[in-house]
Every structure is written in C-alpha cells, then in structure tokens.
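Following: one structure in structure tokens, then a few remarks.
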2 protein chains.
Amino acid sequence: MLKVHQCEDVLDRVLTLVVMLNDDMTQGLGALGLTSSRAHLLWELGQRGPVPQRVLAAALKITPRAVTGLVDALVASGLVTREPHPSDRRAALVTFTATGQTLIAQLERDHEALASALFAPMSRAELDCFEQWLTDVTARLRAHQAVTAAAPPD
Amino acid sequence: MLKVHQCEDVLDRVLTLVVMLNDDMTQGLGALGLTSSRAHLLWELGQRGPVPQRVLAAALKITPRAVTGLVDALVASGLVTREPHPSDRRAALVTFTATGQTLIAQLERDHEALASALFAPMSRAELDCFEQWLTDVTARLRAHQAVTAAAPPD
DNA sequence: TATTGTTATACTCTATAACTATA
DNA sequence: TATAGTTATAGAGTATAACAATA
C-alpha cells in the first residue's frame, strides 16, 4: 500500500503527461486548421463512413444541436457535405469531400506517428507491465466512480 | 520495437483512460457546483494563497481577461473576494471567503481520495515499473513535440 | 406518436484590442 | 513608459426548448 502523498505524486505526474499529450495533439490539429471538436467528429466519421448526424451525436456524446454546429463549420471549410439519405428523407448523410478524405488520411498518419513515437521503443516486458497497470487502474477508476455516484458528496 | 498497430492500441487505451479520468473529475466538480476552469483557478489559488490576478493568468496559461471572467463568477458564487493589494493600488488580491476555504478543503480531500483509490494498491515493483514508463514516455513526447514543431506539416 | 434535424436562446471559456488607473 | 485589470467585441462549444418535416 502506497502512502497518500505518494499516490498524489503519481496522479499529478499522470495529469502532467495528459496535459502535454493534449497540448501536442491540439497543436497538431491547429496546424491543420482544425479544432479538437471538429477533428473528433471527422475521426468518428472516418471510422464509420457516411452516417446521419444522430450517429455522430451518440459517438461524440453531444446533443444533435451541437452536431449541427460542427457539421455547419466543416461544410463551410469544404471538408464534408450533407448528402440525402437514400431511404429517410428526414436524415442527411455526412460525407467526406475529396479535401476531407485527404485530411482524415493525414490525421490517421499523425495518429500512427504519435503512437509509434511514444510506444514503439517499449520492450515486451515493459509493455506487459504497462498493460497490467492500465487494466488495474481502469478497473479501480470504474469502482471509484461507482462509489462516488452511489454516495452523494456532502 | 512494437509494431504500429500495437502502438495505436496502447495509445487508444491510454486515451480511453484519460477520458474516464476527466469524466470522473468533471462529475465530481459538477456535484460541488464548479466548472473545470473555476475549480482549476481555485486549486492554483489554494497552492499560493492570496495573489493578484496576473499570477493566476500565468499559472492557468490564460489571458488576464479570461481570469477576470472566472474571478467574477467565483465572486458571484461567494467563493472568493478581491481584496486591495497592500502596496500596489492597481492590483487586487484574490482571496478565499470562508465558503471558499471549505470548498478548497473538499477539493483537496477529493484529490487525495481519487489518488489513493487509483494508486494505493500498487506494489513497490509496479510503482517502479510505472514510474520508469512515465519517465520514458514523457521524454519521448518532448522529443516528438520538438520534431513536429521543427518540421512544419505538409 | 416518435424521430431527425433545425431555429431560437443562453451560458461558459477563451482571445484580441483599446482603455483607465497606477507604478 | 510599463503594468494590472477592465470594457468591448468576437468566436467556439455546449445545452435546453420549441418546431418542422418525415417516419
């Protein structure tokens, strides 16, 4: 059992890394003329192909109204279009333009490059150790959330 | 050397954990009636004691104007006050109220509780392994940032 | 009646620029 | 002249609520 201050040190180091990672990714997206939210939408679209906006709302965990705003901005940038849904005239299929295709391919290359830069040098032993840590911490975080949700704070 | 897809899997698992961690913290703050930005300001204030707003702007890496807005909101909530600076009549010292003191103490307890829940069960060996991983990845991220900043994307 | 996406409105966070009061 | 903090203005992201068109 680690002491509380040791645990807090670890948490703070993790949060520092999270901030660095976020800054790095945000800066990379900014160089491509994208905000985080718009890039996230494009990413989900890249995973799914043309989909109606409600699918993106669910994937991004935002309201349909917020999706409208993001898609409007991406249409204005020429990255996606709203195409008619073949069987549901209420819905629009958000679809990449050629420019959008090029950009999502770049995003995927950047994602690979970042992942490789960070993790390719890991040894098999390090990977095993880290994956164990990740599994343990994820499980503990889930348990912690269950506890705090059940016991309302004072 | 790990393969690219293995690296991407690790990155995605890390990012999933980051999202979970962020959701947990955001939810905890919401239960206390705080947004992330306001809580971050209170946290920095708790580390420093009464300080002028420019110190908070530097700590939070936001503009002085943005600090004005956050402090306005915290004053309206009765958590801080603007007190006159003893030697510089241009500046205001942002200072906790009694309510604010109580709240920052709660934030500190929550921080400890989260840190302990996540990391207290780690063994000495796991801690050593994880700290090595953290050091390595942080260094690689710094190197990666230096490279991408030097070579502008196509 | 339920669903898809919109218009209308509002709040939070952030930024730049111009300005006041003070140093 | 420089600094601390403000007003003014703007943009991005998000939310709820009311509504249109369609299912």
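Below, read A as the first sequence line, B as the second, and so on, with proteins coming before strands; counting in each chain starts at 1.
- One axis for each end of the helix from dG5(C)-dC19(D) to dA23(C)-dT1(D), each built from five base pairs, and the angle between them comes to 10° at 10° resolution.
- Residue Ala73(A) is classed as having no contact, given no heavy-atom separation below 4.0 Å to the nucleic acid.
- In this structure, the CG atom of Leu56(B) is 19 Å from the P atom of dT3(D), given to the nearest Å.
- With values rounded to the nearest 0.5 angstrom, Leu103(A) atom CG is found 5.0 Å from Leu34(A) atom CG.
- Under the side chain to side chain donor-acceptor pair (under 3.5 Å) criterion, the residue pairs touching residues 29-43 of chain A are His40(A)-Glu44(A), with sequence neighbours excluded.
- Looking at Gln106(B) and Arg109(B), their side chains do bring a donor and an acceptor atom within 3.5 Å of each other.
- Side-chain contact of Gln27(B) with Asp23(B): a donor-acceptor pair under 3.5 Å is absent, judged by distance alone.
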Subject >> Contact letters for nucleotides 14-23 of chain C, in which S counts primed atoms plus P, OP1 and OP2 and B counts the base, heavy atoms under 4.0 Å >> reply: SBB----BBS
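- Rounded to an integer number of Å, the gap from CG of Leu42(B) to P of dC13(C) is 11 Å.
- For residues 116-128 of chain A, the pairs satisfying side chain to side chain donor-acceptor pair (under 3.5 Å) are Ser123(A)-Glu126(A), with sequence neighbours left out.
- Considering only side-chain N and O atoms, Thr68(A) lies under 4.0 angstrom from the phosphate OP1 or OP2 of dT6(C).
- Put simply, Arg82(A) has a side-chain N or O that comes within less than 4.0 Å of OP1 or OP2 on dT6(C).
- Within the structure, every pair that satisfies the side chain to side chain donor-acceptor pair (under 3.5 Å) test and touches residues 56-82 of chain B, not counting sequence neighbours, is listed here: Gln53(B)-Arg82(B), Asp72(B)-Arg82(B), Thr81(B)-Glu83(B).
- Atom CG in Asp72(A) sits roughly 15 Å away from atom C1' in dT4(C) (whole-Å rounding).
- Within residues 43-54 of chain A, the residues having any heavy atom closer than 4.0 Å to DNA chain C are, in order of number, Pro52(A), Gln53(A), Arg54(A).
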